[in-house]
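The structure under discussion appears below in the form of structure tokens.
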Amino acid sequence: MNDSIKEILISGDQITQRCKEMAAQINEDYKGKKVILLGLLKGSVPFLSELSKYIEAEVSFEYMNVSSYDGVESKTLVVKQDVEGPIAGKNIIIVEDIIDTGKTLANVVEMLYDRDVRSVKVATMLDKPEGRTFDIKADYVGFEIPNAFVVGFGLDFNERFRQLPYVGILKESCYK
Ligand code: 5GP
């Protein structure tokens, strides 16, 4: 285990097993349909890669890098990197690493509907329901976790720890 990690919360094997179950549900829901897996950069990449291995529906990949800022206007979404192909009329599954307040996701869903997509669903590896301040729910949730700051399997602390093959809790000495 990495020296900076206090505790492993979810192992790589658990994530793989859960991805198989989530993919089975997606296969059921999108039987005979095409769907775009829209990964939100950077954190969703390892989860997207694991989940997609078990999806049998016809999928293509797109990526977006967005930030949502707090401000006078509560919903400000900055698109740092946009999708490559056309998305109007398409079925989309947004793939996210973690949902906390739900702000990022609420903004992205609204923006996608403004672009006339056919349908939007959300798959997230982790969900912190206690942190929610925006009214948004994921359709496919890997694991619900308590309100702790976690890293690994795509999740970072100052760009570190994304490569860890598990989700863990950082030692306090790393940020104090
Ligand atoms: P939201 O908009 O739902 O509040 O925040 C979602 C984003 O916040 C995630 O994509 C992630 O970048 C970041 N985030 C929220 N909770 C955590 C956490 O526990 N660990 C890490 N590394 N990032 C988090």
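Along the sequence shown, residues carry numbers from 1. FYI, side chains are in, hydrogens and waters are out, and symmetry mates aren't considered; it's all heavy atoms of this structure. Counting starts at 1 for both ligands and their atoms, in listed order. As the structure is a computational prediction, the values presented were derived from the model and not from experiment.
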Practice prompt. Keeping to residues at least two apart or across chains, list the salt bridge (Lys or Arg N to Asp or Glu O under 4.0 Å) pairs with something in residues 115-124.
Written response: D29-K121, D82-R115
Worksheet item: Which one of Q14, K20, E21 satisfies the side-chain hydrogen bond (donor to acceptor under 3.5 Å, both in side chains) criterion with Q17?
Response: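 Result for side-chain hydrogen bond (donor to acceptor under 3.5 Å, both in side chains) with Q17: E21.
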Would you mind writing out a table of all protein N or O atoms found under 3.5 Å from any N or O atom of ligand 1, naming both atoms and giving the distance to 0.1 Å?
residue, atom, partner, partner atom, Å
ligand 1, 2 (O), T104, N, 3.0
ligand 1, 2 (O), T104, OG1, 2.5
ligand 1, 3 (O), D100, N, 2.9
ligand 1, 3 (O), T101, N, 3.2
ligand 1, 3 (O), G102, N, 2.8
ligand 1, 4 (O), T101, N, 2.9
ligand 1, 4 (O), T101, OG1, 2.5
ligand 1, 10 (O), E96, OE2, 3.4
ligand 1, 10 (O), D97, OD1, 3.0
ligand 1, 16 (N), K128, NZ, 3.3
ligand 1, 19 (O), K128, NZ, 2.8
ligand 1, 19 (O), A148, O, 3.4
ligand 1, 19 (O), V150, N, 3.0
ligand 1, 20 (N), V150, O, 2.7
ligand 1, 22 (N), V150, O, 3.0
ligand 1, 22 (N), D156, O, 2.7

Worksheet item: Taking the six-membered ring for Trp, are F161 and F157 parallel (under 30°), tilted (30 to 60°) or perpendicular (over 60°)?
Response: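 Parallel.
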Discussion item. Strictly distance-based, threshold 3.5 Å: is any side-chain N or O of K128 a donor or acceptor partner for the main-chain N or O of A148?
Written reply: yes
Practice prompt. Measure the shortest side-chain to side-chain distance between V122 and I99 over non-hydrogen atoms and say whether it is less than 4.5 angstrom.
Written response: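 Yes. Closest side-chain heavy atoms under 4.5 Å.
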Practice prompt. Answer whether the closest heavy-atom distance between the side chains of L37 and L51 falls below 4.5 Å.
Written response: no
